[in-house]
Amino acid sequence: MSIAPQTDALTASPRSLARNPSFTCYWIAQTSIALGESVTSLTLPILVLTTTGSVAQMGIITAIMGAGRLIANLLAGLYVDRWDRRVLMLLCQSLIVLLYATIPLTWWLSGPQVGLLYAVTGPIAFLGSTQLVLGGTALVQIVTREQIERANSRLQTTLALSVLVGYLIAGVSIGRIGPALTIAVETLTDGCALILLAFVRFRPMAAASARPRTGWGGTFAGFGYIWRDPVQRWVIPMRGFIVGLTAGALDLLIFRLEHELHQSQSSVAYLFALATLGGIAGAVLFPLLRRRLGFGVTFLGSLVVEGLVFTAFGINDGLVIAILLGIGYVWSDTLSLLAAISLRQKRTEEAYLGRVTASYQLIIWVTTPISAALVTGQAQRIGAGETMIGMGGLIMLVALISSLTPARAALR
């Protein structure tokens, strides 16, 4: 599979990202978006609960957003590969800003309007998932092939910081101005990102001849491309399976800490806040580990660590060790994530990258609800600790099996 060189004026230096103003604007824009999303991820459920007093209403909103993401992952890859990615990114970002702005504005002018949430959350989820697919493709048109690992490392480092800061902002803002007006933070950060994205220049796609045909054949071409790649046919489903398997990990961990280990809610919050340090450390160390150890050791080794951490979670009964394990889990998961993303960006022809990225996202969104239901149901029957031990063993088994496949290759 050919990978076209990326050597125009936009990415002239193969070594210094600081000399690439398009990447700098893109980097700050993505950080700004992540900051707003982390605020809203806590604020929106609280807004629904405060307004309706109903957990069922929260579930309906979650289902609407899930449907929006599923539809996006079915369609986005085709249009990301067919249309101008820069124009599409700016269009999606503009619509996201407008949709989020309607929530605080309506609450301020007319009071609570639950119907508005039903109307806007689906499109917001659709556009957000489309932006995720775009984010997985845009980088290869902004930086050189040699810069991909370092660029992903910088993005993931500041994304992890944004999550931590966003949670703190949400906690302070909700108490002072309420959840509806707090969503204005998302509007502000997304608006700043839109301005920055307008200054990002994309290098033209190299393989224009591979523009997709319309219809379902074009939509699912990403799966065919993954299957034809001897490495990605293992790595992408494997990563999707691990993400799906661990989808219920958040619920399991909260349940184990609160109900089995009798920890307070504040202790749980501290654990999740401190666990983000693992994401920062993993993102910073990733380029070095990838360069020194190669893809195979970095990717499969991170899965082994992840499995060990899950097993230890099931055995441990102390908060301090749980915090250290949380840091270790996010660290290993970040390494696995960045290795898989960088591999996909390097091995996939640019004209197929949108569909391959969307196919990966679709694997996750199909497996996640099934896996979450299975693992939480199992935890209800035998306990969260025992379930987490089983999950850890399964993750390590997947890593062992994968070491016998082309995924073990120390790709440079």
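One-based numbering along the sequence shown.
Listed by chain and number, the residues in a side-chain hydrogen bond (donor to acceptor under 3.5 Å, both in side chains) with Thr31 are Thr158 (sequence neighbours excluded).
The stretch residues 326-345 participates, sequence neighbours left out, in these salt bridge (charged side-chain N to carboxylate O under 4.0 Å, His left out) pairs: Arg239-Asp333.
Contact annotation: the side chain of Phe202 never approaches that of Thr137 to less than 4.5 Å [non-hydrogen atoms, C-beta and beyond]. Using a 4.5 Å cut-off on side-chain heavy atoms (C-beta onward), Leu300 and Val304 make no contact. Phe241 places none of its side-chain heavy atoms less than 4.5 Å from the side chain of Met238. Within the 4.5 Å cutoff, the side chain of Ile183 has no heavy atoms near those of the Val39 side chain. Side-chain contact between Tyr329 and Glu306 is present, with heavy atoms from C-beta onward closer than 4.5 Å. At least one side-chain heavy atom of Pro230 sits less than 4.5 Å from a side-chain heavy atom of Arg347. By the 4.5 Å heavy-atom criterion applied to side chains, Thr189 and Cys192 are not counted as neighbours. Residues Gln147 and Phe23 fail the side-chain proximity criterion, which asks for heavy atoms closer than 4.5 Å.
A donor-acceptor contact closer than 3.5 angstrom links the side chains of Ser342 and Asn152. For the residue pair Ser129/Gln361, the side-chain donor-acceptor check at 3.5 Å is not satisfied.
The aromatic rings of Phe295 and Phe299 sit parallel, their planes meeting at an angle under 30°, below the 60° perpendicular limit. In this structure, Tyr79 and Trp83 have tilted ring planes: the angle between them lies in the 30° to 60° band.
In this structure, CG in Leu98 is found 10.5 Å from CD in Gln93, a value given to the nearest 0.5 Å.
Geometrically, Arg290 does not engage Phe286 in a cation-pi contact, judged by NZ or CZ lying under 6.0 Å from the ring centre and within 45° of the ring axis.
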